[in-house]
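Single-structure report; data block below.
Just follow the structure's listing: the first ligand is 1, and inside any ligand the first atom is 1.
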Amino acid sequence: MEQSKMPSWLRKEVMESGDCTRCGLCVGLCPYIKTQHEHVAFIHDCSRVDGNCYRVCPRTQTNWVDLDRQVFGTERTDHGLGNYLKVLYARSLNKEITRAGQYGGVVSTLAAYMVESGQSQAAVLTRGEDNGPPTPYLARNREEVLACSGSNYSASPSLSILNTGVFEGLEDLTTVGRPCQILALRKMQGLNEASQHNPSARKVNFMIGLFCFWALETEFYSFLQIKTEGERILRLDIPQNYLVATTEKGNVQVPIDELRAFVRPTCLRCFDPTAEFADVSVGSTENDPEWNTLVIRSSKGQEIVNRVCTAGLLETKPYPEERLPLLLSAVYKKKKRVLEGLKQGKGYMYLNLNSDYAKGIEEGGTGL
Ligand SMILES: Cc1cc2nc3c(=O)[nH]c(=O)nc-3n(C[C@H](O)[C@H](O)[C@H](O)COP(=O)(O)OP(=O)(O)OC[C@H]3O[C@@H](n4cnc5c(N)ncnc54)[C@H](O)[C@@H]3O)c2cc1C
Ligand code: SF4
Ligand code: SF4
């Protein structure tokens, strides 16, 4: 799976082509890659003949079958959701978290549990800022985890803070990330021991993936400032066909059509809306804001969810049968579009699927 290519190719193929997902994992791997606001760029030419930055990037060649084998020890049978053990509804049983959380607060509950119980020394999160792009954040206690609750709809390169934490000597880290971020971490975990540079992803002991169908450009925040007349934004949500910004003076609604200009083009090429390689993936339910959709994927994910439920911090219930086709339909729709682009050679070359996987998408999702 490992590829040897020059860092200058990362610059050319991914960053300059606009395909960077802003996962942030290459940031800090060498002194030459930095973030400015949410942009990721080389600040100096690099003449190395190979580099981990290229290998771990979610927009360089990624072999889906190899990753399934690496993470789950098996290929998938479900081409919509990938490998998983269970799909459930879940929500926090802690009032403070349900108040602060985006929906059921499942992500904050799991991250807070890992940090409070000492199973992780910190959690790699994204902290919302008043009216501007969020900041990557290393939360070392429950209060800090809660301060990061809520969704920020731009592509924060939050994995940059993972590298910082590891260089500071942190050992075990829970990481919350968008699907492209989880993909980057798994690619890094798959590198040979012999690979140079610090394989930060090996220090991640629990990966919580978020559902994500697209993220917005940073310029979205300036647009929102105008819409909200500079009011302090307390919460953002995208319930149906509009965005709701909650300010101290009330809610401001923005039709989804007005957001389209800010959707990042690389997100239209994204093949993984449900964080298929995470230990657990969490999304909305699309019909009940007090609950989350929780996909338990790995045995580690199952163990941790069991412990959190036993501790009385989280409750789950079966996923309503009639709603699963709706989730699958949205996922297949996105994947089919991406596969079509791949076939037409429209710059989707990062995606390396075998014929079974491609067929699974082509034939899946019909009749849902
Ligand atoms: C860009 C984006 C797009 C999304 N699109 C969808 C979608 O189409 N469908 C869907 O069902 N769900 C989507 N989600 C997930 C959803 O918004 C919730 O994050 C998820 O349901 C978890 O809810 P919760 O109540 O458990 O969250 P909380 O307990 O409030 O925790 C939210 C966590 O998200 C992290 N976070 C916030 N913003 C970002 C960011 N930009 N990048 C990385 N991490 C972040 C925070 O660190 C926090 O830990 C999206 C999330 C993001 C960030
Ligand atoms: S590793 Fe992540 S941040 Fe770096 S170029 Fe690739 S997508 Fe962008
Ligand atoms: S749509 Fe894909 S590429 Fe875009 S932020 Fe979400 S996971 Fe990353």
Side-chain angles (χ1 to χ4, degrees), residues 7 10-11 13-17 19-29 33 35 38-42 52-60 90-92 97-112 123-128 133-137 139 145-160 174-184 187-188 208-216 235-238 263-275 281-286 289-294 314 327 330-331 334 338 350:
L10 185 75
R11 182 178 200 161
E13 286 178 8
V14 180
M15 293 176 182
E16 289 177 0
S17 73
D19 220 10
C20 170
T21 72
R22 299 183 179 164
C23 75
L25 191 55
C26 64
V27 178
L29 283 186
I33 308 178
T35 51
E38 294 185 320
H39 297 249
V40 176
F42 275 91
N52 279 350
C53 59
Y54 189 89
R55 293 197 188 99
V56 303
C57 177
R59 283 295 185 265
T60 59
R91 69 176 172 188
S92 180
I97 294 186
T98 48
R99 264 197 306 275
Q102 183 68 17
Y103 300 119
V106 170
V107 171
S108 300
T109 303
L110 293 171
V124 173
L125 302 176
T126 302
R127 185 171 175 153
T135 323
Y137 197 84
V145 170
L146 260 65
C148 294
S149 296
S151 297
N152 306 288
Y153 293 104
S154 61
S156 173
S158 45
L159 295 184
S160 56
T174 287
T175 299
V176 174
R178 305 181 303 279
C180 54
Q181 298 183 296
I182 301 296
L183 198 58
K187 285 181 82 172
M188 192 187 241
I208 305 173
L210 303 174
F211 285 13
C212 177
F213 284 71
W214 42 255
L216 300 171
R235 183 176 192 272
L236 292 175
D237 191 15
I238 308 183
V263 172
R264 304 204 64 237
T266 191
C267 295
L268 304 178
R269 293 194 275 275
C270 180
F271 190 69
D272 176 9
T274 64
S281 306
V282 187
S284 71
T285 62
E286 300 283 348
E290 291 186 3
W291 291 82
N292 284 110
T293 296
L294 170 64
L314 195 75
L327 172 61
V331 170
K334 182 155 174 65
V338 174
Y350 78 93

Checking heavy-atom distances from atom 5 (S) of ligand 2 to each of Met15, His39, Lys187, Arg11, the winner is Met15
Any heavy atom of Arg178 sitting closer than 4.0 Å to ligand 3? yes
Q: Apply side-chain hydrogen bond (donor to acceptor under 3.5 Å, both in side chains) to the pair Thr21 and Arg59, showing each step before the final yes or no.
A: CA-CA 8 Å; Thr21 72; Arg59 283 295 185 265; 5.8 Å; no
(Q) Strictly under 2.8 Å, is atom 4 (Fe) of ligand 3 approached by any N, O or S atom of Cys267? (A) yes
For Gly24, the ligand 2 atoms with a heavy-atom partner under 4.0 Å come out as 2 (Fe), 3 (S)
Honestly, for Asn292 the part within reach of ligand 1 (heavy atoms, under 4.0 Å) is side chain
Within the 4.0 Å heavy-atom cut-off, what Trp214 brings close to ligand 1 is backbone
Nearest heavy atom to atom 50 (C) of ligand 1, choosing from Tyr103, Phe211, Tyr137, belongs to Phe211
shortest atom 2 (Fe) of ligand 2-to-protein heavy-atom contact is with Cys23 SG, 2.4 Å
Atom 6 (Fe) of ligand 2 sits nearest the protein heavy atom Cys57 SG, 2.4 Å
Of all protein heavy atoms, the one nearest atom 47 (O) of ligand 1 is Thr126 N, 2.9 Å
| query | Does some non-hydrogen atom of Arg59 fall short of 4.0 Å from ligand 3? | reply | yes
Closest to atom 40 (C) of ligand 1 among protein heavy atoms sits Asn152 O, 3.6 Å
The reported gap from CZ in Arg127 to OG1 in Thr135 (rounded to nearest 0.5 angstrom) is 8.0 Å
So for Ser154 against ligand 1, with non-hydrogen atoms under 4.0 Å, the contacting part is backbone
Looking only at protein heavy atoms, what sits closest to atom 4 (Fe) of ligand 2 is Cys26 SG, 2.2 Å
Among non-hydrogen protein atoms, atom 8 (Fe) of ligand 2 lies closest to Cys20 SG, 2.3 Å
Checklist entry - Do any of the N, O or S atoms of Cys180 sit under 2.8 Å from atom 8 (Fe) of ligand 3? => result yes
A student comparing Val107, Thr285, Leu210 should find that the heavy atom closest to atom 26 (O) of ligand 1 comes from Val107
Quick look: Gln181 vs ligand 1, heavy-atom contacts under 4.0 Å, and the answer is side chain
The protein heavy atom nearest to atom 7 (S) of ligand 2 is Thr21 N, 3.3 Å
Numbered in order shown, the ligand 3 atoms found under 4.0 Å of a heavy atom of Pro179 are 7 (S)
Query raised in the report: Has Pro58 got any heavy atom lying under 4.0 angstrom from an atom of ligand 2?
Result: yes
